[in-house]
Amino acid sequence: MAMAAPGQLNVNESPSWGSRSVDCFEKLEQIGEGTYGQVYMAREIKTGEIVALKKIRMDNEREGFPITAIREIKILKKLHHENVINLKEIVTSPDGNKYKGGIYMVFEYMDHDLTGLADRPGMRFTVPQIKLLTGLHYCHVNQVLHRDIKGVLLLMPSKDTCSNLLIDNEGNLKLADFGLARSFSNEHNANLTNRVITLWYRPPELLLGTTRYGPAVDMWSVGCIFAELLHGKPIFPGKDEPEQLNKIFELCGAPDEVNWPGVSKTPWYNQFKPTRPMKRRLREVFRHFDRHALELLEKMLTLDPAQKGQDKLWICTCCLCRFFLVGNMSRSNLQANTATLAGICIFHNSLKHSIWLPSADSSHIILYAL
Amino acid sequence: QASPTRSNVDTSVSPICKLDCSIFEDKELVFMSRDEIDRCSPSRKDGIDVLRERHLRYSYCAFLQNLGMWLNLPQTTIGTAMVLCHRFFVRRSHACHDRFLIATAALFLVGKSEETPCPLNNVLQASSEILHEQDFTLLSYLLPVGWFEKYHDRVLEAELLLLTTLNFELNVEHPYTSLTSVLNKLDPSKTVLVNLALNL
């Protein structure tokens with residue numbers, strides 16, 4: 001038989017391998033909007049399993065399949081961890097024109113996001129373990145930057161910004177929505193865009209225009225969320241970028257060559273540098289926090305990204321600390337009763353060989369090394 | 001632009017070495033032996049014999065090498081595109097899929113997945129110049145009106161076909177980095193050995 005003619009493609013051929021069709025699932029309801037597409041709750045017809053379908057939005061058809069989707073798929077296929085959302089498969093619509101029909105990512109179904117839970121007063125947790133840091137550390141070890149960690153407990157500016165931290169009914173936390181994630185490598189210090197991360201959780205180095213950055217950007221976001229959980233509301237709710245930086249400086253002090261060598265060389269430093277001297281007030285503002293929580297927060301909200309990176313303690317912190325939220329997580333309770341909410345960081349060489357348990361009165365966490 | 005001689009050398013050797021027979025199916029590795037590929041390739045059912053298919057493989061690899069160097073893409077990107085094409089044609093027949101269309105789409109796609117993106121128009125322009133062996137400005141006189149738009153749509157269709165056929169598995173591991181690190185540990189001064197190994 002002759003060869004395929006130039007330009008010939010047989011798109012209608014349905015092979016026995018490759019991606020499955022979206023018809024294997026029955027859509028139940030739309031449950032939200034991600035960074036670039038709608039999310040549906042759906043049931044797999046064959047097994048009855050409930051999943052989440054995320055439609056990939058095809059905005060810029062001139063450049064084909066979006067590069068952000070390629071990154072997200074590539075990264076999620078690489079990451080397998082109990083605190084990172086699991087991408088089960090990718091399905092396509094069966095008709096010939098897949099751009100119109102759409103392509104969906106199939107995820108395990110998670111019951112809540114952090115926003116939904118915090119908004120529900122009286123919602124009771126049975127020792128939920130918030131394991132954001134273990135999930136994030138796993139990403140960083142695999143050279144992935146998440147670049148869009150956000151909590152948003154209160155005062156949502158608009159409805160479609162929701163938390164990327166998902167929680168199931170057993171209290172397991174998973175990091176989701178890798179729509180802005182990027183792989184990074186230590187040797188290959190490429191220029192990356194600084195227009196990532198929801199404004200309230202964006203670190204100062206990005207706000208000052210840096211395009212070479214690393215895992216420290218995600219740590220800043222985690223620090224913001226951690227403080228938000230303890231404080232009961234977002235700690236840096238800036239309206240725009242100048243205001244955002246100003247809020248950071250007011251709490252963390254103004255950056256200078258002493259506490260952040262090289263800050264004056266960042267692209268937008270002269271534009272945004274503080275007009276008056278500002279002291280670091282972190283310990284003063286959050287003095288009602290647990291002592292360990294404050295210590296951890298001090299490290300995560302360090303202005304100079306290099307100090308966060310070089311500090312060995314910081315690395316220990318990010319792989320070993322877990323927060324335990326004990327008891328009622330309603331809004332008022334969060335603010336009033338920080339004693340039940342223990343944030344803890346303990347430095348130990350191996351997480352695998354230790355067990356974490358709340359103390360009898362739930363006021364702190366005890367580490368049992370094995 | 002790099003010299004054409006090197007590209008010729010590369011293409012005649014590398015494709016067959018890189019014909020790693022691993023296909024990823026649902027996170028599980030499926031390895032096929034050379035013999036299995038020769039026997040079970042879907043092109044066999046359409047009457048394309050082993051020798052002919054080998055020739056076809058050479059031809060799209062040569063084309064990819066040429067196109068990639070034309071666009072100044074790194075060798076890992078080009079190599080990954082070759083492997084994706086191999087994986088594609090283990091699953092689909094040469095008889096009903098134009099290999100150069102698939103190869104063009106593969107290079108465009110891998111450009112994005114390897115963080116070395118190249119605008120689609122540049123890819124299309126370069127690939128049509130190579131395929132028609134004509135200058136691009138001349139092509140618009142020679143070919144019917146609207147050919148470029150049609151070509152554009154065909155390549156995007158091929159990109160999606162490639163993605164669904166490969167089940168969105170785009171990770172390819174190359175031996176280059178591990179090879180150079182091992183060689184550097186042995187003796188960094190032996191550049192001859194490095195070059196020899198890389199050209200193998």
Side-chain angles (χ1 to χ4, degrees), chain A residues 1-21 56 58 60-78 80 86-94 96-99 101-103 105-106 182-185 187-188 190-192, chain B residues 23-27 30 42-43 45-48 52 56 88 90-102 105 108-121 123 131-132 147 150-171 177:
Chain A
M1 188 182 157
M3 288 296 312
Q8 190 184 341
L9 278 186
N10 187 0
V11 288
N12 297 320
E13 176 189 27
S14 57
S16 52
W17 16 247
S19 324
R20 292 201 297 168
S21 158
I56 296 173
M58 301 282 188
N60 186 6
E61 280 190 34
R62 280 299 309 174
E63 287 303 312
F65 195 73
I67 189 165
T68 47
I70 293 177
R71 280 185 196 140
E72 183 169 9
I73 291 168
K74 237 185 120 173
I75 285 168
L76 284 169
K77 282 202 174 216
K78 209 161 73 175
H80 301 283
N86 180 25
L87 173 68
K88 297 166 89 75
E89 62 176 301
I90 295 156
V91 292
T92 53
S93 62
N97 191 340
K98 296 210 166 66
Y99 272 113
I103 297 174
M105 290 190 236
V106 184
R182 276 272 322 240
S183 292
F184 71 96
S185 69
E187 322 98 73
H188 196 122
N191 283 332
L192 305 172
Chain B
I23 317 164
F24 296 83
E25 200 99 51
D26 296 330
K27 290 167 207 149
V30 178
S43 299
K45 295 187 192 77
D46 293 320
I48 296 167
R52 176 102 180 101
L56 296 174
F88 180 87
V90 168
R91 292 149 180 232
R92 289 181 188 261
S93 167
H94 275 287
C96 37
H97 301 97
D98 175 12
R99 61 193 186 282
F100 296 119
L101 200 58
I102 293 294
F108 172 59
L109 177 65
V110 172
K112 289 187 281 186
S113 78
E114 294 293 309
E115 301 294 346
T116 52
C118 195
L120 180 56
N121 275 352
V123 179
L131 287 173
H132 295 278
W147 73 274
K150 249 185 220 157
Y151 187 44
H152 172 270
D153 292 350
R154 288 313 263 171
V155 170
L156 286 191
E157 240 173 274
E159 183 189 33
L160 275 181
L161 187 68
L162 198 62
L163 279 169
T164 51
T165 305
L166 303 180
N167 205 4
F168 294 83
E169 186 54 70
L170 304 175
N171 289 324
T177 34

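Chain letters run A, B, ... following the sequence lines, proteins first, then strands; residues in each count from 1. Just so you know, these numbers use all the heavy atoms, side chains as well, and skip hydrogens, waters and symmetry mates.
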Q) So, does E159(B) use its side chain to make a donor-acceptor pair with the main chain of G64(A) at under 3.5 Å? A) no
Q | Verdict with reasoning, E63(A) to K112(B), per salt bridge (Lys or Arg N to Asp or Glu O under 4.0 Å) | A | CA-CA 10 Å; E63(A) 287 303 312; K112(B) 289 187 281 186; over 6 Å; no
**Q.** Heavy-atom side-chain proximity of L170(B) to I73(A) below 4.5 angstrom
**A.** no
Q: Identify which part of L163(B) has an atom lying under 4.5 Å from any heavy atom of chain A, answering side chain, backbone, both or neither.
A: both
Q) Is there side-chain contact between T92(A) and L160(B), with at least one heavy-atom pair below 4.5 Å? A) no
Q) What part of F168(B) is in contact with chain A, defined as an atom under 4.5 angstrom from a non-hydrogen atom: side chain, backbone, both or neither? A) both
Q.
Please evaluate residues E114(B) and K74(A) with respect to the criterion salt bridge (Lys or Arg N to Asp or Glu O under 4.0 Å), reporting the C-alpha separation (whole Å), side-chain torsions for both, the decisive distance (0.1 Å), and the verdict.
A. CA-CA 10 Å; E114(B) 294 293 309; K74(A) 237 185 120 173; 3.3 Å; yes
Q. Is there side-chain contact between F65(A) and F108(B), with heavy atoms separated by less than 4.5 Å?
A. no
